[in-house]
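These notes are about the structure you will find just below.
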There are 2 protein chains.
Amino acid sequence: MTTARERPTLEAVARRAGVSRATVSRVVNGSTTVAEPIQEAVRQAVRELGYVPNLAARSLVTQRTDSIALVLPESATRVFSDDQFFPGIIRGVSQELEAADKQLVLMMASSTASQERIERYATGRHVDGVMFASMHGVDPLPGALARMGIPVICNGRPLGRAAASVPYVDVDHVGGVTTAVRHLLDSGRRRIATIAGPQDMVGGIDRLTGYRNALQDSGCRSIVAVGDFTRESGAQAMRQLLNDDPHLDAVFVASDLMAHGALRTLREAGRRVPDDVAVIGFDDIEIARYTDPPLSTVRQPIHEMGREMTRQLLRLAAGEEIELALILPTELIVRESS
Amino acid sequence: MTTARERPTLEAVARRAGVSRATVSRVVNGSTTVAEPIQEAVRQAVRELGYVPNLAARSLVTQRTDSIALVLPESATRVFSDDQFFPGIIRGVSQELEAADKQLVLMMASSTASQERIERYATGRHVDGVMFASMHGVDPLPGALARMGIPVICNGRPLGRAAASVPYVDVDHVGGVTTAVRHLLDSGRRRIATIAGPQDMVGGIDRLTGYRNALQDSGCRSIVAVGDFTRESGAQAMRQLLNDDPHLDAVFVASDLMAHGALRTLREAGRRVPDDVAVIGFDDIEIARYTDPPLSTVRQPIHEMGREMTRQLLRLAAGEEIELALILPTELIVRESS
DNA sequence: ATGAAAGCGCTAACAC
DNA sequence: GTGTTAGCGCTTTCAT
């Protein structure tokens, strides 16, 4: 049943239609310089034989594959958690790729083995370009691929040397956080803590930097706990902060998911939000509108970032020059608690 | 920076090492019939030139690509929701593929355009085989690919004609549900309702069949509401059931996520679980252990199903014969409420 | 053990 | 407009 039945080639179609291979190729690829009756004859032969072009052969000569990889250096468990970052990026990417009629190839890589397989896959020219998102630490792969002449773009400024050579799309973490912390200062808060994100990810690092910058000018001291962007880590970090400074009156949390966990801890500890403690998150995920009280947050355009990243990569793959960095704006969303 | 710098070919490596292309090919592919000093010379040339084999050229001659597609005919939003089915399957698939050193290519297809792109991709021999999961309605693609001689396997019995020709891996929905409903009957319940899954998916259909079968022998009448496997639809369906029969004393819910929603509705309606209404779900997702009360459920081995499906596909791709259907057992998990 | 040579199926000049 | 031809980069007999 699955005997790889002889599949018809261009040659076979050409014979059947009584034309040359070149003509069949033209028709298949939609060239207009073929007489209508011949086009029809070819199409019929294609139909009768069930001909489908062999992509390997095609890309061997065209040097294109019309597919693009999105690499997520995360475990499947993490990618499919309730962190809305991943679906946001993927939807943005899919949308642009669909418009360009390119195929998305999604690759997750947690183990070293899978990283190597991805490297082979990309350097072997299986894809026309590679996008990276949710990167951790100093990843050598983007730089390595770029050096081999493969179009590469990162979501989030890459850490390490790659930052200077691999183009990226990111949001203005520092600006957004600064605005948020200033807002807290302006509303009279003085003991402003933060729950930072993982310090091996650029989002985690930059948002902590933003917090520190904003406080520096104010004379307030910084109070820091670190989470890993999960809800549970937010709850845990909040407990630690309350322990470190029971009198804190505000907290900036580097992700809404962590902020959600932090709200739970605050409630358990009998603190009223925002009366006793003001909370501002980051991401503007759906759930932020439904927490009690609704969460003020810094909105970052994740979906737009996915789209923009894709557009940039396609330009790169088309041989155009692009900017090294494209930074999208963030926006403080203040939600009055009811 | 992204000038697709001339990439070295076998030819170049051969010249540099002073051997023939054939010898380089042998070394690169790990043939043992090459003298050690020559092997070393070749490896050095490969290193110096940064040679990477062109996969398109290779698969043109070998007729293999060493990559396998997993097609999910769902939107990204759905795939990345909190339905734990997707990560379970994907983890199982990844694990087996990794062991076989094959690359996973994940493809989501909601629109017609993306379905066509996937068809081109697979028929164009970009992958050595295709797996389908979470299928809706009668999907012609699996059968079409199989007819072209492409190894195909489905997760869940395909609906329509494909059921007879495309091999699949599924769990024993009917058996599991029957056991569950019998358990309710045995514990004295007589007004047993069900919240069914979507009736365009085999899981939804078969679980409803199981429910009907089990009731048929008992003389109890069936009370049915239909959801779409989401939590919200479960809450909604439960409201309808309570409306249809305020005196129902049990409900079998076709997924734990819907059961979670149903529990909420029951609580809101002032029904005690399990005293007033017994609830049994399906899936045994993590959250079932933490609901109030903990949820009895039918466990299906999703991760194992992903692994088994992959193993079967790899056998198929290797030219072996496989069974048309492989059905994994389900198991009733009874959780005593505290 | 190594090399020569024949393709794999397709596209793209270049002729006509 | 259509056909002829020369590869794309690799593997794999078949000689040696």
Side-chain angles (χ1 to χ4, degrees), chain A residues 4-43 45-46 49-66 120-121 123-126 128 148-150, chain B residues 4-43 45-46 49-66 120-121 123-126 128 148-150:
Chain A
R5 204 183 35 220
E6 283 313 296
R7 301 186 58 225
T9 67
L10 256 200
E11 178 73 46
V13 177
R15 268 202 309 273
R16 179 152 198 138
V19 297
S20 73
R21 294 200 327 257
T23 299
V24 177
S25 175
R26 288 186 187 106
V27 174
V28 169
N29 292 289
S31 165
T32 48
T33 68
V34 177
E36 183 49 52
I38 296 205
Q39 289 204 29
E40 189 41 44
V42 170
R43 275 195 226 98
V46 165
L49 264 39
Y51 169 75
V52 180
N54 180 319
L55 265 29
R58 174 181 286 170
S59 63
L60 183 56
V61 32
T62 61
Q63 309 279 28
R64 286 183 302 101
T65 64
D66 288 329
R120 265 184 291 157
Y121 198 85
T123 55
R125 296 269 174 220
H126 240 313
D128 297 341
M148 303 206 57
I150 295 167
Chain B
R5 207 190 26 227
E6 284 312 294
R7 303 190 55 227
T9 67
L10 256 200
E11 178 74 46
V13 177
R15 267 202 310 273
R16 179 151 195 137
V19 298
S20 73
R21 298 208 315 263
T23 299
V24 177
S25 175
R26 288 185 188 108
V27 173
V28 169
N29 292 290
S31 165
T32 49
T33 68
V34 177
E36 183 50 50
I38 296 204
Q39 288 205 30
E40 189 42 45
V42 170
R43 274 194 227 98
V46 165
L49 263 39
Y51 168 75
V52 180
N54 180 318
L55 265 29
R58 173 180 288 171
S59 64
L60 183 55
V61 34
T62 61
Q63 309 277 29
R64 287 183 302 101
T65 64
D66 289 327
R120 266 185 290 156
Y121 197 85
T123 54
R125 295 268 174 221
H126 240 314
D128 297 340
M148 303 206 58
I150 295 168

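By convention in this document, chain letters (A, B, ...) are assigned in the order of the sequence lines, proteins followed by strands, and residues within each chain are numbered from 1.
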### Task
Taking all heavy atoms of A/A45 and all of A/A17, pick out the closest pair and write down the distance.
CB-CB, 4.0 Å
#### Entry: Whole-Å distance separating the CZ atom of B/R125 from the C1' atom of D/dC10
18 Å
### Message
Need to verify one output field. Residue with the more 5' nearest nucleotide on DNA chain C, B/I38 or A/N29?
### Response
B/I38
### Task
Can you tell me the distance, in whole Å, between the CD atom of B/Q39 and the C1' atom of C/dT2?
13 Å
### d(CG, A/N54; C1', D/dG9) in whole Å
14 Å
Distances under 3.5 Å between nitrogen or oxygen atoms of protein and nucleotides 12-16 of chain C:
{"from": "C/dA13", "atom 1": "N6", "to": "A/R26", "atom 2": "NH2", "distance (Å)": "3.4"}

## Note on the structure
When rounded to whole Å, the CG to C1' distance for the pair A/L49 and C/dG9 reads 15 Å
### Separation of D/dC8 P from B/L10 CG (nearest whole Å)
13 Å
### Taking every non-hydrogen atom, the tightest pair across A/R120 and B/L55
O-CD2, 3.8 Å
### Sole candidate of B/V19, B/T23, B/V24 that passes side chain to side chain contact (heavy atoms under 4.5 Å, CB included) when paired with B/V13
B/V24
### Side-chain (B/R43) to main-chain (B/V27) donor-acceptor, under 3.5 angstrom
no
### Task
Mind calculating the distance between CG (A/L60) and P (C/dC10) to the nearest angstrom?
12 Å
### Task
Might you point out which heavy atoms bring B/Y51 and B/V28 nearest each other, and give the distance in Å?
CE2-CG2, 4.1 Å
### Query
Does a side-chain N or O from B/S20 land closer than 4.0 Å to OP1 or OP2 of C/dG3, or not?
yes
### Message
Whole angstroms only, please: what is the CZ-C1' distance between B/R58 and C/dG7?
### Response
17 Å
### Message
Is it the case that the side chain of A/S25 and the backbone of A/R21 share a donor-acceptor pair, with hydrogens and angles ignored and the cut-off at 3.5 Å?
### Response
no
### Query
Can you tell me how far P of C/dG7 sits from CD of B/Q63, to the nearest Å?
15 Å
